[in-house]
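Any value given below was found using the heavy atoms of this structure, including those in side chains, with hydrogens, waters and symmetry copies removed.
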Amino acid sequence: MPADAKSPKKLRNNRAALAHKIGYALRHPGRVTPYLRRAGRDAWLSLIHPTTSATTGQ
């Protein structure tokens, strides 16, 4: 494992945090629309084709 794999900066930078996502969107405004398009499409498809326990075998 690289020496910097657990450095404080890498542990602080949680990409799932809302603050990180907002900051990223402000730094990269051209990537927001495609992201929203993909997220909307994924949400729409999950509504049309829901996964049930009967189809997954769980």
Side-chain angles (χ1 to χ4, degrees):
M1 178 184 301
D4 66 342
K6 293 192 177 190
S7 69
K9 181 176 182 340
K10 291 192 185 232
L11 292 176
R12 256 191 330 246
N13 200 4
N14 181 1
R15 291 188 226 165
L18 183 60
H20 176 80
K21 290 181 180 186
I22 291 171
Y24 184 87
L26 292 173
R27 287 188 307 274
H28 304 93
R31 296 183 181 179
V32 174
T33 303
Y35 171 80
L36 291 175
R37 188 179 303 129
R38 283 190 304 272
R41 182 190 60 221
D42 291 347
W44 175 252
L45 290 173
S46 69
L47 287 173
I48 294 174
H49 305 288
T51 304
T52 62
S53 60
T55 60
T56 59
Q58 293 179 358

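Under a 3.5 Å cut-off, the side chain of His49 and the backbone N or O of Leu45 do not form any donor-acceptor pair.
Closest heavy-atom contact between Pro34 and Gly30: CD-O, 3.4 Å.
We find the NE2-OH distance between His28 and Tyr35 to be 15.0 Å, quoted to the nearest 0.5 Å. Considering CD1 of Ile22 and CZ of Arg27, their distance stands at 11.5 Å, rounded to 0.5 Å. Expressed to the nearest 0.5 Å, how far CG of Leu36 lies from CZ of Arg41 amounts to 12.0 Å.
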Using side chain to side chain donor-acceptor pair (under 3.5 Å), reason through Tyr24 and Arg31 one step at a time and then give a plain yes or no. CA-CA 9 Å; Tyr24 184 87; Arg31 296 183 181 179; 2.5 Å; yes

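Around atom CZ of Arg15, no more than 12 heavy atoms belonging to other residues, nucleotides or ligands sit under 6.0 Å away.
A continuous path of Ile, Leu, Val, Met, Phe, Trp and Tyr side chains, each step under 4.5 Å between heavy atoms, connects Leu18 with Leu26, placing both in one hydrophobic cluster.
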